[in-house]
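The first residue in the sequence is number 1, and the count goes up from there.
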Amino acid sequence: MTGRHTNLGLLSALLVAFATGWIAFAAGTGWARPVVVIHGIAGLAVVALAPWKSVIARRGLRKKRKGKPSSVFLAVLVVVSLAAGIAHSLAGVRAVGGLTIMQVHVGAAVAAVPFSIVHLVRRPTPLRRTDLSRRNLLRGLGVLGGGALIYGALEGLSSLVALPGSARRFTGSHERGSHEPERMPVTQWLNDSVPAINAARWSLQVRSGGDVRRWSLDELVQLEGPLTATLDCTGGWYSVQDWAAVPLRLVL
């Protein structure tokens, strides 16, 4: 594969991985599964292209070019993000260096964005009409197939040797402390503190048209009922707990 097509393939795979990663954050129902799978395949397509990109990178490192440190740092961020994603998916790694593995995965991807823009500006690869040829389409499908092949192999290995990744939820999250509330994480991402309220003064205001109703905490407690529900966090974990819940229809 030529250097030009390798770069275009990498750009496409990274864009798809970045987009599906953010979409996966918003996905809480069954349709999340194909989004997560596409996210994984796109990320592993980058791995499939690594041999060709390494040849281009070695050639570039031998030349005197502006922005070389920026390009190297971009490559490091992409590798870190990929490694953290694989560590989360297969091994269920939770944290490294005081950060959750998902913070490392997402943080490295976000940090790579400005470096990617600089890289594209300094070394542009403009599209050509010939890029839409059947041969290039087959090349693209080959790269996609390579990512899918690696994805399938890793999933099969995970199930075969019973890695933690084989038990993750369709969203990609790992189970944490189900039916054991004391084991469920209470803070995430920005290390925000657990909210504290004055129970005697707290109230919930519900407005509908010109009508307003205030519920005190004691009044809401009277409406509580049992509910078993799953909390699936964007931090990469989920937990099934028995909650005391107030149905929204009663409040409204």
Identify the heavy atoms of Leu82 and Gly43 that sit nearest to each other, and give their distance.
CD2-O, 3.3 Å
In terms of hydrophobic clusters joined by side-chain contacts under 4.5 Å, are Leu217 and Leu250 together?
yes
Within 45° of the six-membered ring axis of Tyr238 and under 6.0 Å from that ring's centre, is NZ or CZ of Arg169 located there?
yes
Counting only N and O atoms by type, is there a donor-acceptor contact under 3.5 Å from the side chain of Ser158 to the main-chain atoms of Leu154?
no
Which value, rounded to the nearest 0.5 Å, describes the distance between Ile23 atom CD1 and Ile38 atom CD1?
8.5 Å
Could you give the distance from CG (Leu10) to CG (Leu49), rounded to the nearest 0.5 Å?
4.5 Å
Kindly compute the distance separating CG (Asn7) from NE2 (His119), expressed to the nearest 0.5 Å.
6.5 Å
Within the side chain of Thr20, is there an N or O that forms a donor-acceptor pair under 3.5 Å with the backbone of Ala17?
yes
How long is the straight-line distance from CZ of Arg168 back to CG of Leu90, given to the nearest 0.5 Å?
6.5 Å
Could you go step by step and tell me if Arg122 and Ser71 meet the side-chain contact (heavy atoms from CB on, under 4.5 Å) rule?
CA-CA 10 Å; Arg122 284 178 170 165; Ser71 298; over 6 Å; no
Indicate the atoms forming the closest heavy-atom contact of Leu74 with Ser116, along with that distance.
CD1-OG, 3.3 Å
Just wondering, do Ile150 and Ile41 contact through their side chains at under 4.5 Å, heavy atoms?
no
Give a yes or no on whether the backbone of Arg176 and the side-chain of Ser239 come within a donor-acceptor separation of less than 3.5 Å.
yes
Start with the C-alpha distance between Ile101 and Arg94, add both sets of side-chain angles, then the distance that settles side-chain contact (heavy atoms from CB on, under 4.5 Å), and finish with yes or no.
CA-CA 5 Å; Ile101 198 68; Arg94 297 179 181 178; 5.9 Å; no
I'd like to know if the side chain of His174 and the backbone of His88 have a donor-acceptor N/O pair within less than 3.5 Å.
yes
Rounded to the nearest 0.5 Å, how far apart are CG of Leu204 and CG of Leu220?
6.0 Å
With heavy-atom distances below 4.5 Å as the criterion, would you say the side chains of Trp202 and Asp218 are in contact?
no
Tell me if a side-chain donor or acceptor on Gln241 pairs with a main-chain N or O of Gly177 at a distance below 3.5 Å.
yes
Are Val121 and Phe18 grouped together when hydrophobic residues (ILVMFWY) are joined by side-chain heavy atoms under 4.5 angstrom apart?
yes
Taking the side chain as everything from C-beta on, heavy atoms only, tell me whether Val76 gets closer than 4.5 Å to Val79.
no
Hey, does Val246 have a side-chain heavy atom less than 4.5 Å from the side chain of Trp215?
no
Closer than 3.5 angstrom, by distance alone: can the side chain of Ser54 be matched with the main-chain N or O of Pro51 as a donor-acceptor pair?
yes
Check: Ala229 main-chain N/O paired with Trp243 side-chain donor or acceptor under 3.5 Å
yes
Nearest heavy-atom neighbours spanning Ser173 and Cys233:
OG-O, 3.7 Å
With a 3.5 Å distance limit and no angle check, can you tell me whether Gln103 reaches the backbone of Thr100 through a side-chain donor-acceptor pair?
yes
Min side-chain heavy-atom separation Ser166-Ser159 under 4.5 Å
yes
Contact summary for Gly21 and His39, nearest pair of heavy atoms:
N-ND1, 3.3 Å
Are Val16 and Val47 connected in the hydrophobic side-chain network, where two residues link if heavy atoms are under 4.5 Å apart?
no
Decide yes or no for Val251 and Val206: does some side-chain heavy atom of the first lie under 4.5 Å from some side-chain heavy atom of the second?
yes
For a quick test of reading the model, state the closest non-hydrogen atom pair linking Phe170 to Val36 and the distance between them.
O-CG2, 3.9 Å
Side chains of Ser178 and Glu175: is there a donor and an acceptor less than 3.5 Å apart?
yes
Does Ile117 belong to the same Ile/Leu/Val/Met/Phe/Trp/Tyr cluster as Trp22, with side-chain heavy atoms less than 4.5 Å apart forming each link?
yes
Kindly give the heavy-atom pair with the smallest separation between Val104 and Ala84, and that separation in Å.
CG1-CB, 3.9 Å
Close side-chain approach of Ile86 and Leu44, heavy atoms under 4.5 Å
yes
Val78 backbone acceptor or donor facing Ser81 side chain under 3.5 Å:
no
Would Leu11 end up clustered with Val110 when hydrophobic side chains under 4.5 Å apart are linked, directly or stepwise?
no
How long is the straight-line distance from CH2 of Trp237 back to CE of Met102, given to the nearest 0.5 Å?
13.0 Å
